[in-house]
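Just so it is clear, the model here is predicted, and its values are computed rather than measured. Sequence lines set the chain letters: A, B, ... in the order given, protein chains first and strands last, and positions in each chain run from 1.
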Amino acid sequence: MADYSRLSRLPVPLLEWYRGNRRILPWREDPRPYRVWVSEIMLQQTRVEAVLPYYERFLRELPDIPALAAAPEEQLLKLWEGLGYYSRVRNLQKAARTVCEQYGGELPGDYEAVKALPGIGEYTAGAICSIAFGLPTPAVDGNVLRVVCRITGDETPVDSPALKRRCREELAPLYPEGAAGDFTQALMELGAMVCLPGGAPRCGECPAREFCAACASGDPERLPVKPPKKPRRIEQRRVWVVLSPAGVLLHRRPGRGLLAGLWELPGAPEGEGFPLGWETPAGAEPIGTARHIFSHVEWQMEGELWRLPEARELPEGWRWADAAALAGEVALPSAFQAFRGFLPKA
DNA sequence: AAGACGGGGGA
DNA sequence: TCCCCAGTCTT
């Protein structure tokens with residue numbers, strides 16, 4: 001069924017296409033290993049356009065691996081605030097420390113060594129080693145999976161680990177001498193710009209149209225074959241905006257799990273009272289509802305505003321945050337965006 | 001093999 | 001609404 005021999009015709013026209021159509025991106029202009037590494041971590045499950053504003057700022061504040069290794073956690077989380085998947089930045093720093101201890105502060109140009117670092121899996125190791133070190137190591141992401149399934153006509157479900165392995169094995173021998181980084185990026189660029197998901201592939205401008213099985217079938221969007229989707233859990237929560245002269249009351253989330261270690265507006269499951277056991281003050285007012293959708297869970301929040309005449313002592317894991325703290329040191333995840341309007345403003 | 005883990009942009 | 005994105009880690 002799947003005809004992987006079609007892939008052998010891809011490298012020449014793909015590279016030609018890439019050189020005339022590639023986007024100018026900061027990590028492409030200066031592909032030093034650290035810069036490529038940071039870009040690849042940020043780009044995990046995240047679109048290029050979303051990453052751009054974060055990338056330059058991150059590199060400016062943490063310009064090299066030793067600086068990353070030494071950064072305080074609050075600076076890391078602030079630099080990542082709103083980007084999501086916060087374990088990425090924790091693992092990034094953990095890996096930076098390992099690189100400082102074991103490799104003198106420079107990323108090793110070796111696939112297995114790179115892949116052994118926390119936060120770096122098959123895809124990211126292949127991307128870093130091909131783009132930054134010129135090694136023929138395929139980087140098979142969602143884009144590449146889609147491109148390969150369509151060209152070969154492979155109907156294996158895209159979430160199958162076997163398919164990913166097959167793609168790596170078939171692509172590795174096709175890597176052109178001296179153009180590993182371009183080939184890796186060209187495959188992804190094609191998926192991002194031409195071989196689009198859903199019903200929008202631009203086969204007319206595709207360098208692979210002459211030998212693509214999906215294009216020839218006349219129904220390219222049939223591939224790749226996607227697994228059935230699963231419903232997400234819904235959680236009802238009450239969320240409090242508690243204001244005092246010292247600022248807004250925040251709670252630090254547990255070190256693991258959803259939004260690990262980030263600050264949040266105090267909340268409780270529907271029906272439970274205020275977490276610190278405080279009495280509801282006179283003048284407490286509802287401030288509307290908000291919904292936030294994560295990939296696997298949905299929060300339905302009812303907001304309540306409390307204005308306290310003076311600040312109170314707080315246990316460990318709680319703090320007051322004024323406008324300056326919110327701007328400079330506290331990372332508040334996007335889930336609370338709807339209530340930002342009630343928070344202290346500079 | 002299946003879930004957990006964020007958030008946003010486009011159809 | 002749903003899809004899905006330059007995925008990885010844990011169970």
Side-chain angles (χ1 to χ4, degrees), chain A residues 22-23 25-28 31 36-55 77 80-92 94-95 114-132 137-147 157-164 167-168 181 183-193 195-201 221 224 226-233 253-262 264 291-299 331-338:
Chain A
R22 71 191 197 104
R23 289 170 290 179
L25 299 171
W27 46 90
R28 285 183 178 164
V36 172
W37 179 18
V38 171
S39 77
E40 291 301 340
I41 300 301
M42 285 189 173
L43 286 162
Q44 288 169 3
Q45 294 292 286
T46 310
R47 295 169 190 281
V48 167
E49 311 80 61
V51 164
L52 286 173
Y54 288 86
Y55 182 74
L77 291 174
W80 216 264
E81 180 183 31
L83 205 45
Y85 288 134
Y86 298 91
S87 66
R88 290 186 293 176
V89 72
R90 298 177 192 283
N91 283 332
L92 185 61
K94 197 178 306 179
V114 167
K115 186 183 167 319
L117 295 168
I120 299 183
E122 301 277 5
Y123 161 77
T124 304
I128 291 173
C129 288
S130 58
I131 297 169
T137 50
V140 178
D141 69 339
N143 287 314
V144 178
L145 240 20
R146 184 168 59 254
V147 168
V158 276
D159 64 337
S160 152
L163 174 66
K164 215 170 278 187
C167 285
R168 283 199 306 274
F183 191 54
T184 285
Q185 294 181 85
L187 283 164
M188 295 191 284
E189 193 81 341
L190 187 68
M193 307 298 289
C195 195
L196 300 172
E221 56 246 53
K226 285 162 290 186
K229 53 185 181 290
K230 51 275 180 187
R232 71 172 64 87
R233 180 174 80 251
R253 294 181 58 83
R256 45 182 309 151
L258 188 64
L259 304 175
L262 277 72
E264 67 173 351
R291 186 177 63 147
H292 188 80
I293 298 174
F294 301 93
S295 42
H296 62 296
V297 61
E298 173 177 339
W299 282 358
L332 192 66
S334 302
F336 304 100
Q337 185 67 39

> Hey, does T124(A) reach any base, or is it just sugar-phosphate, or nothing, if we go heavy atoms under 4.0 Å?
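Sugar-phosphate contact only.
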> F294(A) vs H292(A) aromatic rings, parallel, tilted or perpendicular, using cut-offs 30° and 60°?
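Plane angle over 60°, so perpendicular.
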> Please name the nucleotide paired to dA1(B) by Watson-Crick or G-U wobble geometry with both distances under 3.5 Å, or report none.
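The base-pairing partner of dA1(B), which may sit in any strand shown, is dT11(C).
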> Is Q44(A) close enough to dG7(C) that one of its side-chain N or O atoms is under 4.0 Å from OP1 or OP2 there?
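Answer no for this pair, as no side-chain N or O of Q44(A) is under 4.0 Å from OP1 or OP2.
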> Examine dT1(C): is either OP1 or OP2 under 4.0 Å from a nitrogen or oxygen in the side chain of R291(A)? Give yes or no.
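For dT1(C), OP1 or OP2 has a side-chain N or O of R291(A) closer than 4.0 Å.
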> State which of dG6(B), dT1(C), dA6(C) makes the closest approach to the side chain of V48(A).
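Of dG6(B), dT1(C), dA6(C), dA6(C) is nearest to the side chain of V48(A).
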> Establish, with yes or no, whether the OP1 or OP2 oxygen of dG3(B) is under 4.0 angstrom from a side-chain nitrogen or oxygen of K230(A).
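Result: no.
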> Walk me through whether R291(A) and E298(A) qualify under salt bridge (charged side-chain N to carboxylate O under 4.0 Å, His left out).
CA-CA 7 Å; R291(A) 186 177 63 147; E298(A) 173 177 339; 3.5 Å; yes
> Return no unless some side-chain N or O of K229(A) is found under 4.0 Å from OP1 or OP2 of dC3(C).
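For dC3(C), OP1 or OP2 has a side-chain N or O of K229(A) closer than 4.0 Å.
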> Side chain to side chain contact (heavy atoms under 4.5 Å, CB included) with M188(A): which of L43(A), V48(A), V144(A)?
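With M188(A) as partner, side chain to side chain contact (heavy atoms under 4.5 Å, CB included) holds for just one option, V144(A).
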> Nearest to the P161(A) side chain among dT1(C), dA6(C), dA1(B), which nucleotide is it?
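Of dT1(C), dA6(C), dA1(B), dA1(B) is nearest to the side chain of P161(A).
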> Measure CD1/I41(A) against C1'/dG7(C) and give the value in whole Å, please.
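Distance check: I41(A) CD1 to dG7(C) C1' gives 9 Å.
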> Identify, between R232(A) and D141(A), the residue whose nearest nucleotide on DNA chain C lies closer to the 5' end.
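Final value for this comparison: R232(A).
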> Run E189(A) and R23(A) through salt bridge (charged side-chain N to carboxylate O under 4.0 Å, His left out) and show every step you take.
CA-CA 8 Å; E189(A) 193 81 341; R23(A) 289 170 290 179; 2.9 Å; yes
> Could one point to a donor on the side chain of R47(A) or the base of dC4(C) with an acceptor on the other under 3.5 Å away?
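Between dC4(C) and R47(A), which were checked side chain against base, a qualifying N/O pair under 3.5 Å is present.
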> Any side-chain N or O of Y86(A) below 4.0 angstrom from OP1/OP2 of dG7(B)?
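For Y86(A), the contact criterion (side-chain N or O under 4.0 Å from OP1 or OP2 of dG7(B)) is met.
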> Return the minimal non-hydrogen interatomic distance between R88(A) and Q44(A), and the atom names on each side.
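Looking at all heavy atoms of both residues, the shortest contact is NH1-O, 2.9 Å.
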> Output the single nucleotide from dC4(C), dT11(C), dG7(B) whose closest atom is nearest the side chain of R256(A).
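From the listed options, dT11(C) comes nearest.
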> Is W80(A) touching bases, backbone alone, or none of the nucleic acid, heavy atoms closer than 4.0 Å?
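No contact.
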> Between H292(A) and dG6(B), does any side-chain N or O lie under 4.0 Å from OP1 or OP2?
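Checking H292(A) against dG6(B): no side-chain N or O falls below 4.0 Å of OP1 or OP2.
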> For L190(A), which contact category applies under a 4.0 Å heavy-atom criterion: base, sugar-phosphate, or nothing?
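Touches nothing.
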> Can a side chain N or O of S334(A) be found less than 4.0 Å away from OP1 or OP2 on dG8(B)?
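So the side-chain polar atoms of S334(A) do come within 4.0 Å of the phosphate oxygens OP1 or OP2 of dG8(B), strictly under.
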> Contact class for Y123(A) vs. all strands (heavy atom < 4.0 Å): base, sugar-phosphate, or nothing?
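If one applies the 4.0 Å heavy-atom cut-off, Y123(A) turns out to touch a base.
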> Taking atom P in both dT11(C) and dG6(B), what distance in whole Å separates the two?
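15 Å, rounded to whole Å.
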> In whole angstroms, how far is the P atom of dA6(C) from the CZ atom of F183(A)?
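Interatomic distance, CZ of F183(A) to P of dA6(C): 18 Å.
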> Rounding to a whole Å, what distance do you find between L52(A):CG and dG8(B):P?
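To the nearest whole Å, that distance equals 15 Å.
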> Quick one: E298(A) CD to dT1(C) P, roughly how many Å, whole number?
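The distance from CD of E298(A) to P of dT1(C) comes to 8 Å, rounded to the nearest Å.
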> Please report, rounded to the nearest Å, how far the C1' atom of dA6(C) is from the CZ atom of R146(A).
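It works out to 11 Å between those atoms.
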> Which heavy atom of I293(A) sits nearest a heavy atom of R232(A), and at what distance?
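The pair with the smallest heavy-atom distance is CG2-CZ, 3.4 Å.
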> Looking at dA6(C), dC5(B), dC5(C), which one has an atom nearest to any side-chain atom of Q45(A)?
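Out of dA6(C), dC5(B), dC5(C), the nucleotide with an atom closest to Q45(A)'s side chain is dC5(C).
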> In whole Å, I'd like the distance from the CG atom of L92(A) to the P atom of dC5(B).
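The distance from CG of L92(A) to P of dC5(B) comes to 20 Å, rounded to the nearest Å.
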> Where each residue is assigned the nucleotide of DNA chain B containing its nearest heavy atom, which of L83(A) and D159(A) is assigned the position nearer the 5′ end?
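So the residue in question is D159(A).
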> Within a reach of under 6.0 Å around CZ of R256(A), are more than 12 heavy atoms found that belong to other residues, nucleotides or ligands?
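Result for CZ/R256(A): open.
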> Examine the base of dG6(B) for any acceptor or donor lying under 3.5 Å from a partner atom in the side chain of T46(A), and report the outcome as yes or no.
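Such a pair is found, so the answer is yes.
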> Rounded to the Å, how far apart are Y85(A) OH and dT10(C) C1'?
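That distance rounds to 14 Å.
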> Please tell me whether W80(A) and Y54(A) form a close aromatic pair, meaning their ring centres lie under 6.0 Å apart.
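Not close enough - the centres of the two rings lie 6.0 Å or further apart.
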> C1' atom, dC5(B) versus dC5(C): distance in rounded Å?
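Straight-line distance between the two C1' atoms is 15 Å.
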> Which value, in whole Å, describes the distance between the P atoms of nucleotides dG9(B) and dT8(C)?
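Those two atoms are separated by 23 Å.
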> Taking only the side-chain heavy atoms of H296(A) (C-beta and beyond), determine which of dA6(C), dC5(B), dC4(C) contains the nearest atom.
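For the H296(A) side chain, the nearest candidate turns out to be dC5(B).
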> For a quick check of understanding: with a heavy-atom distance under 4.0 Å over all strands, which category does G82(A) fall into, base, sugar-phosphate or nothing?
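The answer is sugar-phosphate, as G82(A) gets under 4.0 Å only of primed atoms, P, OP1 or OP2.
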> A335(A) has a side chain; which of dA6(C), dG7(C), dG7(B) sits nearest to it?
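The listed nucleotide nearest to A335(A)'s side chain is dG7(B).
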> What integer distance in Å separates E49(A):CD from dG7(B):C1'?
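Checked: the CD to C1' distance equals 13 Å.
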